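Inspection log for the structure reproduced underneath, given as structure tokens.
This structure is a prediction, so every number in the text was calculated from the model and none was measured. Every chain is numbered from 1 and lettered A, B, ... according to where its sequence line falls, protein lines coming before strand lines.
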Amino acid sequence: MTTNPLQPTNFIQAIINEDYKSNKYGGRVHTRFPPEPNGYLHIGHAKSICLNFGLAAENQGLCNLRFDDTNPAKEEVEYVDSIQADVRWLGFSWDDRLFYASDYFDQFYHYATQLIRAGKAYVCDLTAQQMREYRGTLTEPGKDSPYRNRSIEENLDLFERMKNGEFPDGSRVLRAKIDMASPNMTMRDPALYRILRAHHQRTGDKWCIYPMYDYAHPISDSIEGITHSICTLEFEDHRPLYDWVLEALQIYRPQQIEFARLNLTNTVMSKRKLRELVEQGFVSGWDDPRMPTISGLRRRGYTPEAIRDFCERIGVAKSNSTVDVGLLEHCIREDLNLRAPRAMAVLNPLKVIIDNYPADQVEELTAENNPEKPEMGTRIIPFSRELFIEKDDFCENPPKKFFRLAPGQEVRLKHAYIIKCESFVKDEQTGEILEVHCTYDEGSKTGGPTSARKIKGTLHWVSAPHAIQAEVRLYDYLLATDSQSNPEDAIETEEANDFKDAFNPKSLERLANCMLEPSLQNAACGSRYQFLRLGYFCADLIDSTAGSLVFNRVVGLRDSWAKAQKG
RNA sequence: UGGGGCGUCGCCAAGCGGUAAGGCAUCGGACUCUGACUCCGAUAUUCCUAGGUUCGAAUCCUAGCGCCCCAGCCA
């Protein structure tokens, strides 16, 4: 109970504030997150989770987790487990309020008989095909089912026999008696119960009739004392039915509020499409780091904090929108910049030999772990005569403003010395640069007498004899469409018969021969680092082991040089 | 030609009759032993269009236009 309404941050909070004023729910705020356990949660669900749990928390209210398990044909325990893990990982708690719509099956049944007694529901024997024909079209009214005026006694008898398994699947349904001529298709005597012999993961074979969403949802909300039942826009047309059910039953009435679901550029967000990617092998699973699923983002290296921040920044409204994935990337960079320790890793190694450095000498250099946070301490990095630098950091014929290594050019090695490129060895057949020879300025070591010299470029590097070889996986967008410059095309491609035509064949690039600084040897699975000048990387939760490290690139650092080169 | 929604900067999004917040992106510049971070500055005389009401409109009225959703015994 709050006495000072919050400054509304979105239209739903504004409604809550109004409800406080009118004392609609006695000052209570009670929401729920009601996933159907038929797939993995994705970033779109995260928006809903943050909204529901967030609104409850900010208004000193409660939020339930409720599985909408009314269709056993599609639902599996694997999904209920993953959903709970994901919600928890995102940082939300439902305490002891974990519910299942199936908890209420007896109650639903009882209420249904009540509707029949009130003359508001009837058993209909029309086939699915016939029902479709009787329903009419968007512009023409439907016509009454010939079974619409059965007696209450007959309906009661038939419904009970439906429950008792006396009729085959699909042979009859229980329907609400509303209005076959309603301009709202949802109100044309919608089905409330169907006969379906499917084993339910929680109720087993107790039932052979299962309630429909439109019937089960309002009652579940009512039973749980939900105040604000938040759902997505496509249910707007269902709101009159939601209200009708509760009104007909004369039970407590929550209010349904709809908001626009999240769409993200360069990816897909429907469970159907995500499942296709998984089942047809486009990705390795629901948790493939390219997937916009919570488990995929987690494996990629995203933090719950970044995802929550993202959900706050995108806002909540009713207009269909597609958020630029760049905002998500911004959120994880901002979070990891402050938290991730730095390390040096070379993805595409090029040998550098410091000709005037003693062959058998090894120095232990000190490097800060995070310049943003001195309290994160320092670590030791070995330096020796032979190093690896990034192939991209050397150029035989450098373009203007190339502040990296090139013949005759000087560059600073991070935490170490200033070196100068004297010569290089090139494979004349392939044109590949094989090694680069340099000399170093002995006094230029970090902290040394000539270290303050102005040098434009600083490179990351790894001591060759000390380097740890590792695999690094670079990810790009799932869909290659550039919806920014050509939104129409993107939508067409994505919605085409086969959105997979837009699948980005370069969405995964594996680099097996990367060289890491030795401090990374004990990187724990899931630990995140900023590889200097490259981006943020996360030791893979599944494939990385001490003997064979595997890092995923969470997101690259912003790169104004690359951008300038392109433009 | 039915019903329900939505239309404010490239992408999100505030605004609710008093003279266009903020974020992302973009473009300049400063700083820099990460071309990162940070910092400074720029960026809608205009709110889908056209009329109208008003001293005053993105906000009210009228008429259009555009986009999304609905004809599952899915959710």
Is there a Watson-Crick or G-U wobble partner for C60(B) with both distances under 3.5 Å, and if so, which one is it? G52(B)
Rounded to whole angstrom, note down the C1' distance from C9(B) over to G4(B). 29 Å
If you measure from the P atom in G3(B) to the same atom in G64(B), how many Å do you get, rounded? 13 Å
Decide yes or no for P35(A) and F33(A): does some side-chain heavy atom of the first lie under 4.5 Å from some side-chain heavy atom of the second? yes
Would you say whether Y213(A) stacks on A75(B)? The test is a distance between ring centres of less than 5.5 Å and an angle between planes of less than 30°. no
Kindly say if R194(A) contacts the phosphate of C74(B), meaning a side-chain N or O under 4.0 Å from OP1 or OP2. yes
Establish, with yes or no, whether the OP1 or OP2 oxygen of G72(B) is under 4.0 angstrom from a side-chain nitrogen or oxygen of R135(A). yes
Which of the following nucleotides, C69(B), C73(B), A25(B), is nearest to the side chain of D237(A)? C69(B)
Tell me whether the side-chain N/O atoms of K563(A) come closer than 4.0 Å to OP1 or OP2 in U26(B). yes
For P183(A) and for F531(A), locate the closest nucleotide of RNA chain B by heavy-atom distance; then report the residue assigned to the nucleotide nearer the 5' terminus. P183(A)
Residues H217(A) and R32(A): side-chain donor-acceptor under 3.5 angstrom: yes
Between S319(A) and P211(A), which residue's closest nucleotide on RNA chain B lies nearer the 5′ terminus? S319(A)
Carboxylate-amine/guanidinium proximity below 4.0 Å for R66(A) and E224(A): yes
Starting from C1' on C73(B), measure out to CE on M185(A) and report it in whole angstrom. 15 Å
Mind checking the P distance from G23(B) to U43(B)? Whole angstroms is fine. 14 Å
Is there a donor and acceptor pair closer than 3.5 Å between the side chain of R132(A) and the base of G72(B)? no
Test log, rule ring-ring contact (aromatic ring centres under 6.0 Å, His included), inputs F235(A) and Y242(A): CA-CA 10 Å; F235(A) 291 102; Y242(A) 182 99; over 10 Å; no
Could you tell me whether L126(A) contacts a base, only the sugar-phosphate backbone, or nothing, with contacts defined as non-hydrogen atoms closer than 4.0 Å? base
Of the options U34(B), G3(B), G7(B), whose atoms approach the side-chain atoms of R342(A) most closely? U34(B)
Is the base of C33(B) touched by the side chain of T446(A) through a donor-acceptor pair closer than 3.5 angstrom? yes
Between U34(B), C12(B), C74(B), which nucleotide gets closest to the side-chain atoms of R533(A)? U34(B)
Side chains of E312(A) and T9(A): closer than 4.5 Å at any heavy-atom pair? no
Would you say N184(A) and T186(A) are linked by a side-chain donor-acceptor pair, where the criterion is simply a distance under 3.5 Å? yes
Is the phosphate of U34(B) approached by H460(A) (side-chain N or O, under 4.0 Å from OP1 or OP2)? no
If we take the C1' atom in both C11(B) and C74(B), what is their distance in whole Å? 32 Å
May I ask you to decide whether K420(A) forms a salt bridge with D441(A), counting only side-chain N to carboxylate O separations under 4.0 Å? no
C1' atoms of C40(B) and A44(B), separation to the nearest Å: 22 Å
Verify the contact: side-chain N or O of T70(A) to OP1 or OP2 of A75(B), cut-off strictly under 4.0 Å; return yes or no. yes
Candidates C6(B), A75(B), C33(B) - which lies nearest the side chain of K318(A): C6(B)
Separation of U34(B) atom P from Q530(A) atom CD, nearest Å, is 11 Å
Applying side-chain contact (heavy atoms from CB on, under 4.5 Å), run through R339(A) and E305(A) and close with a yes or a no. CA-CA 11 Å; R339(A) 321 206 304 183; E305(A) 289 83 357; 3.4 Å; yes
P atoms of C16(B) and C60(B), separation to the nearest Å: 11 Å
When we call it a touch if two heavy atoms are under 4.0 Å apart, what does L138(A) touch: a base, just sugar-phosphate, or nothing? base
Could you tell me how far apart M131(A) (CE) and C73(B) (C1') are, to the nearest whole angstrom? 6 Å
Find the partner of U43(B): check Watson-Crick (N1-N3 plus N6-O4 or O6-N4) and G-U wobble (N1-O2, O6-N3) distances, both under 3.5 Å, and reply none if neither fits. none
H238(A) has a side chain; which of G35(B), A75(B), C33(B) sits nearest to it? A75(B)
Atom-pair distance (CD on E329(A); C1' on C12(B)), nearest Å: 15 Å
Can we call the ring centroids of Y79(A) and Y40(A) under 6.0 Å apart? yes
Can you see if the side chain of R339(A) gets near the phosphate of C37(B) - specifically, an N or O under 4.0 Å from OP1 or OP2? no
Winner on side-chain proximity to H330(A), out of C68(B), A25(B), C73(B), is A25(B)
Quick check on G72(B): syn or anti? Syn means the glycosidic torsion is within 90 degrees of zero. syn
Which of the following nucleotides, C37(B), C24(B), C74(B), is nearest to the side chain of N71(A)? C74(B)
Counting any heavy atom closer than 4.0 Å, what does V173(A) reach on the DNA or RNA strands: base, sugar-phosphate only, or nothing? base
Counting heavy atoms from C-beta on, name the nucleotide in G72(B), G35(B), A36(B) closest to the side chain of F403(A). G35(B)
Sticking with atom C1', work out how far C48(B) lies from G7(B), rounded to a whole angstrom. 6 Å
Any ion pair linking D392(A) and R533(A) (charged N to carboxylate O, less than 4.0 Å)? no
Can you tell me how far P of C73(B) sits from CG of D214(A), to the nearest Å? 10 Å
Grab the CG-P distance between N337(A) and U38(B) for me, whole Å please. 6 Å
For G22(B) and C33(B), measure between their C1' atoms and round to the nearest Å. 35 Å
Base partner of G66(B), which must satisfy Watson-Crick or wobble distances under 3.5 Å: C6(B)
Phosphate-side-chain proximity, S560(A) and A36(B), N/O vs OP1/OP2 below 4.0 Å: yes
Whole-Å gap separating C1' (G4(B)) and CZ (R239(A)): 9 Å
Paired with G22(B) by Watson-Crick or G-U wobble geometry, both distances under 3.5 Å: which nucleotide is it? C12(B)
Quick one: which of C74(B), C73(B), G35(B) gets closest to the side chain of W561(A)? G35(B)
Please report, rounded to the nearest Å, how far the P atom of G5(B) is from the CD atom of E234(A). 15 Å
Taking a pair to mean Watson-Crick or G-U wobble geometry with both distances below 3.5 Å, U38(B) pairs with A30(B)
From the set A36(B), C24(B), G35(B), return the single nucleotide nearest to any side-chain atom of R558(A). A36(B)
Which is true for Y193(A) with a 4.0 Å heavy-atom rule: it touches a base, it touches only sugar-phosphate, or it touches nothing? nothing
